[in-house]
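Single-structure report; data block below.
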Amino acid sequence: MAEINVTLKDGSVKEFPSGVSLLEIAKSLSNKLGKQALLAVVDGINRDLSGTLDTDAKVEFVVPETNEGVHAIRHTAAHIMAQAIQHLFPDVKFAIGPAIANGFYYDLDSGHIFTPDDLRDIEKEMNRIIKQNVSLVRSEIPRSEALAMFKAKDEKYKVELINDLPEDAIISTYTQGDFTDLCAGPHCPSTGRVKAFKLQSIAGAYWRGNEKNKMLQRIYGTAFATKEDLDNYLHMLEEAALRDHRKLGKELDIFAIMDEGPGFPFFLPNGIIIRNQLIDYWRQVHRRYDYQEITTPMILSRNLWERSGHWDHYRENMYFTQIDEVDYAIKPMNCPGGMLVYRLHPHSYRELPIRIGELGLVHRHELSGALHGLFRVRCFIQDDAHIFMMPSQIKDEIQNVIRLFDEIYATFGLKYTAELSTRPENSMGDVETWEIATSALQTAMEDFGLSYVINEGDGAFYGPKIDFHLTDSIGRTWQCGTIQLDMLLPEKFDLSYVGEDGIKHRPVMIHRVVYGSIERFIGILIEHYAGAFPAWLAPCQVRILTITDKHVAYAKELVDKMFNLRIRVHLDDRNEKLGYKIREAQVKKIPYTLVIGDKEIEKGTVNVRCRGKGDIVSMGQDELIALLQKEIADKK
């Protein structure tokens, strides 16, 4: 029998007989790997372990603790769920059932309306199938045979999917016991490899995402490599539900979304305080980093957006109007206005880099189904900045922006990871310019020591970008900051500077946002802090409670003193029980609650309750004020 060479992950090469299965290779390396491996990566392509090798190849094995391993577990769990549903509800017609970012789902056509009780029954049947450890067997058959098979099963959605494929296509299916599904795979070797799963919810979904098609029922679930990972994830979801910014935003009077303006948030007095504090902090930091602030009009003419490329590449997300029978657009981005500001005056190389910041209100059309609190809105303040520089300054400027981001995110206790997004399909400009820009971003990050992953094809249409993904207090990630390197818009707007040689040159430009959207950033912070903002951000920093009316005069003197020192203080002198007023201050998540009674007036002190600490401390007014001022100034 002919021999083949298999190159393993560590670079070693082993000989195997031609036709050897990938599972046999895994077992030959170690019994543990044979039991744990879920898939094999053969020359960069994921394959089932039942697959065989006839030629030399590079082979790596995928184990449960990896991202690819978890994806395989979830994909297989979707098939197990479908099989369980087939056992319990034989009349169901199956649509699609993929693995997704945090789990899996299956779309179903059924006269039965699924309920949470059904999910418990389906889970029970899934556990029975998993315990049986049924093998998943891949078959590859001609299109005509696949059509006949699924027509005989009256699976009209599968038939439609097959009909969309070329007539000479070879169709792959997976069979586990009495259930066969149309699927490209790959899958775990058997159902027993799914160790920890949970069915979560039921929703509606149009077939193929088209509202003209039938509404199907979608059952969501999730699965992990271990029960511990699953339990941690479910705990995070419970914690996230308690932190939901829409719920807390209403309870804490921060913002409202009204029927009269879907996707257009109303900020209430408490929300305006938070927003203004974020803006003030943004301005403080940007002054230190030598940015100049501008503001540009919200409505600009159509020809500007045609020149910038937004008219061709972003029009479906824009709003339009006419003035004097001329087409105008409401800006979805601040960039073109920044170009016009730079172009107002001639520039010398001695001026560069020029850093221009703008807190600009932008409007973008989002589908109503995509709107979500402050996370997805139709208007928001984008904290843009545009940096114009010479090519020789690219690395230093990108690293300078990274330092600024690092400082701001640390203030909120947010850690981050970086992602480099490369040229998309709808890009402007030539490939060579894109490669130069992408290489410049990579060099700047690597020299800075910033680790990153590459996100192929997700750059802006005018240039590659670095996206910063923030990790909050319960481990969720949010994409906020972006650094985009642009060599194309300066060309389109004919921007220039006079170099040391006395000749005009084209500047390079960086687009960057640190908050991203201030509205979205506020939503993230509400959930990050669970509504308990640090004192410098809290709408009310101090609430003073009086026990009886005779304590009001002393309390008012303290209120005036704090107010004059720009401490946000509120007096609660209502004729209510003290315990009730304390509980209300706790519900409103006030950082400091002060109680004024006879003893405090006699000694000239205050009784201080610190949020979340439970201890009660008596201290002098000036001592407390000094403590507050330091905490606010330090932004702890």
Other residues, nucleotides and ligands only: do more than 12 of their heavy atoms fall within 6.0 Å of [atom1] on [X]?
X: F264; atom1: CZ; answer: yes
X: N564; atom1: CG; answer: yes
X: E211; atom1: CD; answer: no
X: K636; atom1: NZ; answer: no
X: R288; atom1: CZ; answer: yes
X: K556; atom1: NZ; answer: no

Closest approach of E358 to W282 (non-hydrogen atoms, all atoms of both residues)
N-CH2, 4.1 Å
For the student: nearest non-hydrogen atoms of L278 and Y515, plus distance:
O-OH, 2.9 Å
State the CG-CD1 distance between N232 and I474, to the nearest 0.5 angstrom.
12.0 Å
Nearest 0.5 Å please: distance from the CD atom of Q621 over to the CD atom of E623.
11.5 Å
Is it possible for you to check whether R364 lies under 6.0 Å from the centre of the six-membered ring of Y319, through NZ or CZ, and within 45° of that ring's axis?
no
Check the angle between the aromatic planes of H386 and H511 and answer parallel, tilted or perpendicular using the 30° and 60° thresholds.
perpendicular
Y416 and side-chain hydrogen bond (donor to acceptor under 3.5 Å, both in side chains): which single residue from T477, D406, D467 fits?
D406
Side-chain ([X]) to main-chain ([Y]) donor-acceptor, under 3.5 angstrom:
X: R74; Y: A101; answer: yes
X: N607; Y: S618; answer: no
X: H528; Y: S473; answer: yes
X: R378; Y: P262; answer: yes
X: E557; Y: V559; answer: no
X: E519; Y: L374; answer: no
X: E631; Y: L628; answer: no
X: D383; Y: G516; answer: yes
X: N127; Y: K124; answer: no
X: N270; Y: P539; answer: no

Any salt bridge linking E419 with K465? Criterion: basic side-chain nitrogen under 4.0 Å from a carboxylate oxygen.
no
N-O pairing of E123 and K198 below 4.0 Å
yes
Side-chain touch [X]/[Y], heavy atoms, less than 4.5 angstrom:
X: R611; Y: K589; answer: yes
X: T546; Y: L571; answer: yes
X: P353; Y: F388; answer: no
X: N400; Y: I387; answer: no
X: I398; Y: I510; answer: yes
X: L624; Y: M562; answer: yes

The ring-ring contact (aromatic ring centres under 6.0 Å, His included) partners of Y289 (sequence neighbours excluded) come to none
Are side-chain N/O atoms of T222 and Y233 paired as donor and acceptor at under 3.5 Å?
no
If we count only N and O atoms by modelled type, under 3.5 Å, do the side chains of T296 and K331 hold a donor and an acceptor together?
yes
Assess the pair F521 and F412: is the distance between their ring centroids shorter than 6.0 Å?
yes
Which one of F255, F380, W478 satisfies the ring-ring contact (aromatic ring centres under 6.0 Å, His included) criterion with F375?
W478
For R574, side-chain contact (heavy atoms from CB on, under 4.5 Å) partners two or more places apart
D572, E576, Y580, K581, E584
side-chain contact (heavy atoms from CB on, under 4.5 Å) partners for R218, two or more places apart:
Y105, D107, A205, Y220
